[in-house]
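One-based numbering along the sequence shown.
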Amino acid sequence: MIIGNLKSNYAADEAVLRSWPLRWGFWACIVVALIAPQFLSGYHLYLTTQAMLYVIALVGLNILTGYTGLVSLGHGAMVGVGAYTAAVLDNRYGLPFFATIPAAMLVTVAVGLVFGLPSLRIRGLYLTIATIAASFIIIFVLESWDSVTNGDSGITISPANIFGYEIVSETDKFYFILPFVVLSVLFSMNLFRTRIGRAFIAIRDGDLSAEILGVNLMRYKLYSFAIASALAGLSGALFSYNFLAITPVLFELPISITMLAAIVIGGVASTLGPIFGAAFIVMVPEIVKGALAVFSQGDITFAEYTAPASTLVYGLLIIGFMLFEPMGLVAIWRRFWRFVNLWPFSP
């Protein structure tokens, strides 16, 4: 039973992973991730990679909404900006991925700062409406700027190329995206140990009180939008290299709503929340689809009538979490480990 964490030096006190279960658990997750492609089928590897892309985007949204308290329904459109920036630079100018990915992040940050300016004067519901308007504007530009984005027809991109080796197979894409996911999560874990991260939390808990204490609201709100946009741009660029073809419809308002629901279900203002949320939004439709396939027994009529079932189940689960577990899946995870740490004296 773990009854405390004795710190004997400053390095131990400043460590991110402060106990041996956390350290061993972190490295176990890395090992499992590295060997997972050897045991997963191509389709399950595809789903895992898709969840990883969501994790990067959700880490950014969690910083903006969960930690800073600025609710955004335009995050999916920001992912689209990153995706289209990388695709255009690759398709038209032939730039390699190590140039298109940073460029996608920078362009998305610039767009995010423009649409983050209203947060300096408005908040709450009004800010949410402003981010919805931003989403519509971005999607309109992507659909209408035919000379650059190719409109509704979308745009294709060449596979990422590393020293002559093309990232084409699902296994290659998994290993290509994995380091970006790990770095994004580690960045989030460390951000809130800094002055900037603590300022974000102060703004969320009370922006007027934070301003009285010396927090520059203008600067730190824009910092939050910039960081969230950078991670959205990274996710979008990797999205392009993963699917190799994108259209504006992939980044419309429903995906932003799904992302916001994901961090609520996963657990807002927590490092593991985006990971749990991404797994939830990817796996639940697949589980429902598999269950319906078993019941349908190949009956086409039954399949047609039950097609919306995954959306219905997804909505009911969101309502259930809001009512009975508002802190999300991460709260269940923490209770489990609290039970393990106190065993055999767990209540």
Here the gap from Asn91 atom CG to Ser240 atom OG, rounded to the nearest 0.5 Å, amounts to 10.5 Å
Scanning both residues in full, the closest heavy-atom pair of Phe276 with Gly266 reads CB-CA, 4.0 Å
TODO: Using the six-membered ring wherever Trp is involved, compare the ring planes of Tyr46 and Phe243 and label them parallel, tilted or perpendicular (cut-offs 30° and 60°).
DONE: perpendicular
Rounded to the nearest 0.5 Å, the CG atom of Leu238 sits from the CD1 atom of Ile56 at a distance of 5.0 Å
task: Report yes or no: does Asn150 contribute a side-chain atom to a donor-acceptor pair with the main-chain N or O of Ser153 at less than 3.5 Å?
output: no
Report yes or no: does Ser144 contribute a side-chain atom to a donor-acceptor pair with the main-chain N or O of Val141 at less than 3.5 Å?
no
Rounding to 0.5 Å, atoms OG (Ser256) and CG (Leu61) come to a distance of 8.5 Å
Phe140, CZ: over 12 other non-hydrogen atoms inside 6.0 angstrom: no
Tell me yes or no: between the side chains of Tyr54 and Ser235, is some donor less than 3.5 Å from an acceptor? no
dist Thr108:OG1 -> Leu234:CG (nearest 0.5 Å) comes out at 9.5 Å
Is the ring centre of Phe251 less than 6.0 Å from the ring centre of Phe239? yes
All heavy atoms of Ala237 vs all of Ile101, minimum pair found to be CB-CG1, 4.0 Å
For Pro285 and Phe280 the tightest heavy-atom approach is CD-O, 4.1 Å
Ignoring hydrogens and angles, tell me if any N or O in the side chain of Asp90 forms a donor-acceptor pair with the backbone of Ser158 under 3.5 Å. yes
Correct closest heavy-atom pair for Ser72 and Thr65 would be N-OG1, 3.6 Å
* **Donor-acceptor contact present, side-chain Ser209 to main-chain Asp205, <3.5 Å** => no
Q | Near-ring test Phe176/Phe97, centroid separation under 6.0 angstrom | A | yes
- Which word best sums up how the rings of Trp333 and Phe336 line up, parallel for under 30°, tilted for 30 to 60°, or perpendicular for over 60°? tilted
>> Go through it in stages, so that I can follow the logic: the residues are Glu252 and Phe136, the test is side chain to side chain contact (heavy atoms under 4.5 Å, CB included), and I'd like the CA-CA distance, side-chain angles, deciding distance and then a yes or no.
In response: CA-CA 8 Å; Glu252 291 181 348; Phe136 284 127; over 6 Å; no
**Prompt:** Does one side chain, of Asp172 or Ser169, offer a donor that lies under 3.5 Å from an acceptor on the other?
**Reply:** yes
Query raised in the report: Just wondering, are more than 12 heavy atoms of other shown residues or ligands nearer than 6.0 Å to CZ in Arg204?
Result: yes
| message | Checking the side chain of Asn62 only, and the main-chain atoms of Ala269 only, is there a donor and an acceptor separated by less than 3.5 Å? | response | yes
Rounded to the nearest 0.5 angstrom, the CG-CD1 distance for Leu58 and Ile275 is 10.0 Å
**Study point:** Same cluster (ILVMFWY, side-chain, under 4.5 Å), Leu250 and Val148
**Key:** yes
With distance as the sole test, does His75 use its side chain to make a donor-acceptor pair with the main-chain N or O of Leu260 at under 3.5 Å?
no
| field | Any side-chain donor near an acceptor of the partner, Glu286 and Tyr43, under 3.5 Å | value | yes
inquiry  = With clusters defined by side-chain heavy atoms of hydrophobic residues (ILVMFWY) lying less than 4.5 Å apart, directly or transitively, does Ile30 cluster with Leu272?
reply    = yes
(Q) If hydrophobic clusters are built by linking Ile, Leu, Val, Met, Phe, Trp and Tyr wherever their side-chain heavy atoms come under 4.5 Å apart, do Phe192 and Val55 end up in the same one? (A) yes
task: Without swapping roles, check the side chain of Tyr67 against the backbone of Val268 for a donor-acceptor pair under 3.5 Å.
output: no
* **Evaluation steps, side chain to side chain contact (heavy atoms under 4.5 Å, CB included), between Ile138 and Val81** => CA-CA 8 Å; Ile138 291 171; Val81 172; 3.7 Å; yes
Membership question, hydrophobic clusters at under 4.5 Å side-chain separation (ILVMFWY): are Leu191 and Leu64 in the same one?
no
message = Closer than 3.5 angstrom, by distance alone: can the side chain of Thr100 be matched with the main-chain N or O of Ala86 as a donor-acceptor pair?
response = no
For the side chain of Tyr175 and the backbone of Leu34, is there at least one donor-acceptor N/O pair under 3.5 Å apart?
-> yes
Quiz prompt | Ile63 side chain reached by Ser224 side chain, heavy atoms, under 4.5 Å | solution = yes
Hphob cluster co-occupancy, Val284 + Ile255, side-chain heavy atoms under 4.5 angstrom: yes
Practice item. Answer yes or no: is there a donor N or O on one side and an acceptor on the other, between the side chain of Thr85 and the main chain of Ala104, under 3.5 Å? Key: no
Closest heavy-atom pair, Val79 versus Ala57, reported as atoms and distance to 0.1 Å, is CG2-CB, 4.1 Å
Scanning both residues in full, the closest heavy-atom pair of Ala87 with Ile157 reads CA-CD1, 3.8 Å
Value for CE (Met283) from CD (Gln50), rounded to nearest 0.5 Å, stands at 10.5 Å
